Every structure is written in structure tokens, then in C-alpha cells.
Amino acid sequence: MSYPFKQSEEKWQKIWQEKEVFKALPKQDKPKYYLLEMFPYPSGKIHMGHVRNYTIGDVAARFKMMQGYSVLHPMGFDAFGQPAENAAIKNKSKPDIWTHKCIEWMKTELKKMGFSYDWSREVSTCEADYYKWNQWIFLKMFERGLAYKKASNVNWCPSCETTLANEEVIDEGCWRCHAKVEQKDLEQWFLKITEYKERLLEDLNQLKDWPERVIAMQNNWIGRSQGVEIYFPLDNSDKIIPVFTTRVDTIFGATYIVLAPEHSMVKDLIKGKPGEKESLKFIAKVAKESKVVRGSSDVKKEGVFTGSYAVNPVNKEKIPIWIADYVLMEYGTGAIMAVPTHDQRDFLFAKEHKLTMKVVIQPSLPQAGPPSAEAISYQLSAEELKEAYEGDGVQINSAQFDGLTNEAAKIKIAEWMEKEKIGKIQTHWRLRDWLISRQRYWGTPIPMIYCKKCGIVPVPYEDLPVELPKDAPFTGEGGSPLAKVKEFVHVKCPKCKGAAQRETDTMATFFDSAWYFLRFSSPRENQAPFNQEEAKYWMPVDQYIGGIEHAILHLLYSRFFTKFFKDLGLISFDEPFQRLLTQGMVLKDGEVMSKSRGNIVDPDSIIKNYGADTLRLFILFAAPPETELEWDDRGIEGAHKFLNRVWRIQENLKDKADPALNRAMHKAIKKVSEDFEEFKFNTAIASLMELTNAIYQSGADRKVFKNLILLLAPIAPHFCEELWEALGNKGSIFQAAWPKYDPAFLVEDTVTIVVQVNGKVRFKIDVPADINQDKLKELILSDERLKPWVQDQPIKKFIIVPKKLASMVI
RNA sequence: GCGGGGGUGGCGGAAUGGCAGACGCGCUGGUCUCAGAAGCCAGUGACGCAAGUCAUGAGGGUUCAAGUCCCUCCUCCCGCACCA
């Protein structure tokens, strides 16, 4: 007999909804637990990635609920964004109609999976009562100088026809459509995330329960590097060129300077020099190259001599100033000191253009004492170098610093330079400000007004929200669609009441998702983005679950917003997400499931044929949550088979106390409880299977079965509710208490001791668990099976590991 | 180049330094059946009739004992990258 999953799942989903079993209520007598999964973009259907993400979260939420926590487990929709716009163009529909339809569809599917969301807290970022607070936050940032408009060279996706943040450029392509990103000079809105760079870096230390690689990626992205800014005076001039280096220990080997072609001093340096024409040609050529082309030419180092010279401030040597494409304007000062002997890029450039080289760091001798022939050949010479020596060593040709290790010299030279006022210890960062303007329709309007008289004027708070007009002529071509909506654009200036125009760009959707987790604490609050009391109770998120693709983007922005709210005095914590789990992808035949590959398995068809509980069970059992999961149709069958096997137990329940079975039950309770705590669902399920097998061996005991159902409930909720009810229980199984194990029952009365001779297992012996060591030794030595291995040889060593093994050396 | 994570049966995957391969899939055999499916029971790393030997990417080391700790190397995946 197989279990009626279809009726059962529908029945319980209805009951859960009607009885509000999963409504989050702040309760003073219970500890709180806020479990959040990254909310989806409403594309219509849910895919296996969603199923996996949300199943992991659902098990954790239900487990915590049974443990007696007051659980907040909300769901919503990240509803603004381009796909809605593109779909609307294609279907001649409207983004809001399309989006709402998709949300309804997705909700139906999420409900079919039986997820324990408190739907009364649902939020959609495209609703005015949500994005109003985006605008509010933006204005607060503007007030504090954290939102500003600036003309600059920005990333442009030619296919999406909009700008992109640095974080949205993946492998030189658009994160969404993969089109090659171009560079454009535009005036755009930025958020000053760099103001928070120290805290964003420092507080990574607080995130003890985040995956290391996410921490590493953020660390990398923020990119702090400690070094020295050195001032190189121009020869015969009082002007200086500042240069940033992390290798100040190599300063005595700096034999030329290289500027980025865009550097502001370049024009003056080449003026009237013999090579001026050639230089200008080179600069024009590089200017035409995209970042992509420029970044890919990693072997050939092109450049020209400016005709001017600078002076190395540490040894007063006159050194030439060059321009080259391998120096980037965006990093450091846009100028470098070149040390060809100790930097591979400089080395290649110097070889190409026959520039001077000077060794200033000698690899440390392998050993002390008079140098051997080997050690002498170890000495570097500029003439013989085949590549730059970038390792550590001892200073030479470095005046008073000779003989120091280069690590020590780094500090000494930096201090000395500061004293001599020829340099300054400095920190440089890779992190750039966050570009948030998008030339698209389906997003939050940026609440700014341009007045000819008053300049940039923020929309007053009482005028929020600036509503997105329902109709806009978006064709996917040519500029911001909102610019074409006259009623939207033309406004009165809030200051002078004169004619003015609205900003027509919308906000990047990552703005929307950078604070939604706070909104869930009080989704209907209408005086502020969130209610401070509610946020104080529920926040921070105890467990966050989502894909690794947001390791930088969303997670970095959310951390930034959280710190900003703290500075506003709205919250008192630094980090939004206590624990983070990044689930692995779902693969089919070794590849990511995707439409273009045609290898998609539709969750809906699995639910139809096997039920949601089977799907949940399979997806948790097939792999640990963090690793990739290979889809397996036969694995689904296996999961279904297991549920049926459990189902059949109820047919002949008895009350019989089998001590072995009882012990197996307590063991399972312990194992499953511990595994759930660490999200090791695959091994938890394995132990439930073992308990099931034990029941089959021993006979179906009522109490053991009841506990099995309780342990399985978070994974297969409908299935277990059904059996819970069949056992005669009233109320939802999720209002029942999580079973506890009794350590007393875990104690075994006999144990198997493994006997090893010279490190090899020879035989096993069953003994009472409480046997003393002498007795055990005696027993083993008198065992017939030992003789062939020992014969008459003396036993040199005898080791006993209690309850496990005995090992002897002969 | 820098940073992070891997490499264990036919497959997915287990193993606080203590019996490698839990659990499942697949496969084989048995049972039930007119037959099949579904159940249920048993077997299943390789070699060997067996005793046993060999097996966790390769090689070395520490240890009574290593998938696990240490060194050298190979290889795969992910992120960043002319970042000075």
C-alpha cells in the first residue's frame, strides 16, 4: 500500500493556512529564531534551485519551531527588474501585470512544496508601500552626503541599455545577460559605500559562521592594501608626481616612472618634447581601447617616453618618465615607480624598451657561513636576470638599509621617508562607490528634482512615494523610459515652486534587496522603513540561506545598509546575517540546469508524480547542502520508496519494549538532532533509514514509531502530519515537542573490541562494556586466534583504547 | 599570479587519528506470484578457491594505528587580477 500523497498534501496545506500554524508571533517566553532564505525574482515558475534553497530553510524553520523557538520564516518577492520589462515588451503587456501574475504563480508553487512561510508578512519590492522606503533611505543618504551625482566613466551594458555597478560586471560581461560591458562617460547617482570600507572589512571578523570563501571574496573585493605614497619631484621643477607602492623596500631600484595615459600631468610632461606627436598618438590609441582589450594584452607592454625626467627622492638619481597602458588610472595614483628587477611587469617593459635595471634585494643565502659556489651563483645580477625576483631577501644597493631583510626594510624605509617628508604611509582600497542609476522603467524612481534655479533638490519626505507611472513607452531602446512621460517629468521645484524636472533614472534593484530582511520584521509599518521595536526583537537574521552568486553583490550591499541604519540610530547591531549557508547548485548530467541546455527537471512534475515530501527528501538526501547536487531520477524513486516503507509500519503497531530497538531510537534522536543543527541533512536521513531498518528487524513498536515520525517531520511535513493524526494525536505535529534522547539508553552492555597486531586488524572480540583493562588483556592473550600472529615472539607494546580496540607490537 | 574549496567503489556520498566505503542508487541471488510489478530477505571495493593481500590523486614522513596530522608534487572547480 502506498501513501496517498496528493490528498494528504492538499489537506495539510489547507489546514496549515487556516489554523495559521506558521504565523510568527513575538513571544516573550520563547527565544526567537529568524530564518530567512533569499527571496526570489518572480520569473513565473520555481526551479530546482529554489526548491533546494527553500527546502533547506524549511527544514531548519520547522526544526526550530519544534524545539520551542518563536520562529520568523517569511517570504516575499524581489519584484522590480529588467526581465519584467523585457517580457512586457515581448508580450505587449505591462510589467506590473506580468509581475503580479508571476508572483501568483510562484506562490502557488511554493505552497505546493509545503513551505512553512508566514504569508501574512509577504512583501513585494514593486509595491509603493515598499519602494517608498527605498526613496526614504535614499534621501537620508543624500542628506548625509552618501548619495551623490557624479560624471564618470561607467560600465554600460549595450544589450540591457543601462549602466551597471562594478559588482554587476562578471568576467567583463553583464551579470544578467552576459553581453560585453562597454565604458561610457555619464553623469550618474552613486552611493558612497567606500565611506564604510573599514567597517565592512573589519566586521568580517564578526562573521564566524559564514563560509570562508564568502569572507575571502568580500575581503578580496574590498581589497585593502597597505603601502607608501612616494613623492617623486620632477627634474628642474617644483612639481611632484605621487606614486603608490606596496613594495617600498624596492625604492632604491626604481629606475623609471610610468604614468597611465589618462594621467592629468601627461600633457604637460610631453609638451614641446621631441616625441610629442608619437606620445599623443599613443594616448589616443589607448583611449580607444576598452578595458577588456587593455586588460587582455598581458604580455606585450606598450609605452612611450615622455621626454621628461623625475628624481628618485631616496638617491637623487635622475630617472625617465614613461607612459604605458599597463598602468591604470583607477588604482593608486595612476602612476607607478618601476622596479624592473623585482616586478615582473616592469621587467618585461624594461626589457622591451631597454631601460636600466638595478638589483636591490638579494635572495637570502640558503645557509650561514662562507658562501659556497652554489650560493655565489645564487646572487642576482641585473644583466643575467631572466625574470623579476619578487621573493623575499636582503637589501643591497640601498644605502643605510643594506643588510636588512626586505620585510624589516619595508617598515624602516617607510618611517624614514615620512620623517624626510618624501613619502607617506598609506592604505589603498579596491572598493569603488556603488553606481545605482539605471536607465530602465521597472524600478524605484530616484526621488530627485532638477531645478534651473535651485539645482538638485530632493523630493520632500512628505511627498513620498514618488510613484512609478503606470504607463511608460518602453521599447527597450534609447534612454530612460520615464523621460518620455511628460506628467512624470514636469514638476514644481519644492524650493522655489518654479518649473523643474524629475530625475528619470530608476534605482538598481540591489537597492531594494539590501534591506528587505528588516522590512519582514514589520511589513505593514507605515511611519518608517521598519518598526524599531519589532526589529529589535527579530533581528539580526539567525540563519540566512542562498546562492553563492550573491557572495559579493547582495551580501555586501546588505551589510552596508545595515551599518547605515545603525548610524541613523534605528538599530544597534553591525551585521544583518549571523549565520550564512550558501547552497550548491542543482545539476543534471554534470551541467547546470538551464533552458538553453534543455536539461531542466520541472519541480511541478515531480510533485505531481511523487509528492512534495518525496522531492524534499530526495533533495536533502542526495548531497550535503553546500555541495553541488546531481539530479537523479532513480534517487527520487528511492526517496519515494523510503516514505512508503515508513508508511507501512503503521499497519501493525505493537507495544513491545525491545531494548535494542529502544537504544537504536535514542541513538537516532541524538544523531538527527545534532545533524539538523549543522545542516547535515543527508546523514540525518541516513540514520532515520537505519532506524526504519531496525524497526523492520525488531517489530513495529508504537513509541519508537512515534519518535521516528517526529524526527522525520521537518523533512516530510505532510506525510508526518498524516501519520501523526493516524496515531491519534490532536493538533499539528509542529506544535509537538522535539524528542529528547536519554544518554542512559545509549550505553551498550557489550562492545566489540578490534584486535590489531603490528597495526593490522586480526580479529574481533565481544566483551562486557565495563570490563577492566587487565581482564581484557588476559582475554585477548588467551584467545586462540592470536597465536598464529604472535607465535613465540615477545610482545613489546600493548595499547588499549577503551571500548574500541587493542593493539600490540611484536 | 593571489585567495577559497575539492580529488574515497559502477554512481550519490559516510567516516571526534582507532574495523575505510554508513545510508541510498544500481547490480546479483532468494522469497512471494500463473506471470510480472511492488514488498520482504541476503549478497555486492579489487585480486584470490581459500588463508590472505592490496586499496581514499602521486610520492615521502610522524604514529602501535593516517582518508584524517606534516612535507613535496599532480589535478579539478570557484572568485579576483597589468591592483603597483
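Note that the structure is a prediction, hence the values are computed from the model and not measured. Convention: sequence-line order gives letters A, B, ...; per-chain numbering from 1.
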Using the ring of each side chain (for Trp, its six-membered ring), is [X] parallel, tilted or perpendicular to [Y], with breaks at 30° and 60°?
| X | Y | answer |
| --- | --- | --- |
| A:His353 | A:Phe349 | tilted |
| A:Tyr3 | A:Trp647 | tilted |
| A:Phe305 | A:Trp322 | tilted |
| A:His342 | A:Tyr389 | perpendicular |
| A:His640 | A:Tyr610 | perpendicular |

**Request:** Kindly point out which of B:C64, B:G4, B:C83 is positioned nearest to the side chain of A:Ala216?
**Result:** B:G4
**Message:** Please pick, from B:C82, B:C83, B:A14, the nucleotide with the shortest atom-to-atom distance to any side-chain atom of A:Pro624.
**Reply:** B:A14
**Request:** Quick one: label A:Arg762 by what it contacts on the DNA or RNA (base, sugar-phosphate, nothing), any heavy atom closer than 4.0 Å.
**Result:** sugar-phosphate
**Message:** Classify A:Trp789 by what it touches in the nucleic acid, base, sugar-phosphate, or nothing, heavy-atom distance under 4.0 Å.
**Reply:** sugar-phosphate
**Asked** Can you check whether A:Leu555's main-chain N or O pairs, donor with acceptor, with A:Ser558's side chain at less than 3.5 Å?
**Response** no
**Prompt:** Is it true that a side-chain atom of A:Arg616 and a backbone atom of A:Pro714 form a donor plus acceptor pair closer than 3.5 Å?
**Reply:** yes
[atom1] gap between [N] and [M], integer Å:
| N | M | atom1 | result |
| --- | --- | --- | --- |
| B:G24 | B:A14 | P | 15 Å |
| B:U8 | B:G3 | P | 25 Å |
| B:A22 | B:C73 | P | 35 Å |
| B:A58 | B:G12 | C1' | 26 Å |
| B:U44 | B:G21 | P | 11 Å |
| B:G9 | B:A55 | P | 14 Å |
| B:C64 | B:G4 | P | 33 Å |
| B:G18 | B:A37 | C1' | 46 Å |

Whole angstrom value for the distance that separates [atom2] of [N] from [atom1] of [X]:
| X | N | atom1 | atom2 | value |
| --- | --- | --- | --- | --- |
| A:Arg432 | B:C83 | CZ | C1' | 9 Å |
| A:Ile619 | B:G12 | CD1 | C1' | 14 Å |
| A:Asp343 | B:G1 | CG | P | 15 Å |
| A:Lys797 | B:C64 | NZ | P | 4 Å |
| A:Ile241 | B:A84 | CD1 | C1' | 15 Å |
| A:Leu204 | B:G4 | CG | C1' | 14 Å |
| A:Ile222 | B:G3 | CD1 | C1' | 14 Å |
| A:Met585 | B:G5 | CE | C1' | 14 Å |

**Item:** Nucleic acid footprint by protein, nucleotides 76-81 of chain B - heavy-atom cut-off 4.0 Å, B for base, S for sugar-phosphate alone
**Value:** ---BSS
**Complete:** Reading nucleotides 16-31 of chain B from 5' to 3' and marking B where a protein heavy atom lies under 4.0 Å of the base, S where only the sugar-phosphate is that close, and - otherwise, the string is B-BB--BBSSS-----
**Fill in**
Closest to the 5' end of RNA chain B, once A:Lys671 and A:Arg345 are matched to their nearest nucleotides, is A:Lys671
**Item:** A:Thr245 or A:Glu390, whichever maps to the more 5' nucleotide of RNA chain B
**Value:** A:Glu390
Do [X] and [Y] come close enough that some side-chain heavy atom pair is under 4.5 Å?
| X | Y | result |
| --- | --- | --- |
| A:Val601 | A:Lys588 | yes |
| A:Ile606 | A:Ile636 | yes |
| A:Gln344 | A:Glu390 | yes |
| A:Ile425 | A:Gln226 | yes |
| A:Leu629 | A:Ile619 | yes |

**Message:** If I take atom CE from residue A:Met585 and atom CD from residue A:Glu549, how far apart are they, to the nearest 0.5 angstrom?
**Reply:** 8.0 Å
**Prompt:** Under a 90° cut-off about 0 for the syn range, is B:G9 syn or anti?
**Reply:** syn
**Asked** Under a cut-off of 3.5 Å for both distances of each Watson-Crick or G-U pair, what dot-bracket string does RNA chain B give, using [ ] for crossing pairs and | for inter-strand pairs?
**Response** (((((((..(((.....[....)))((((((.......))))))(((....)))..(((((..]....))))))))))))....
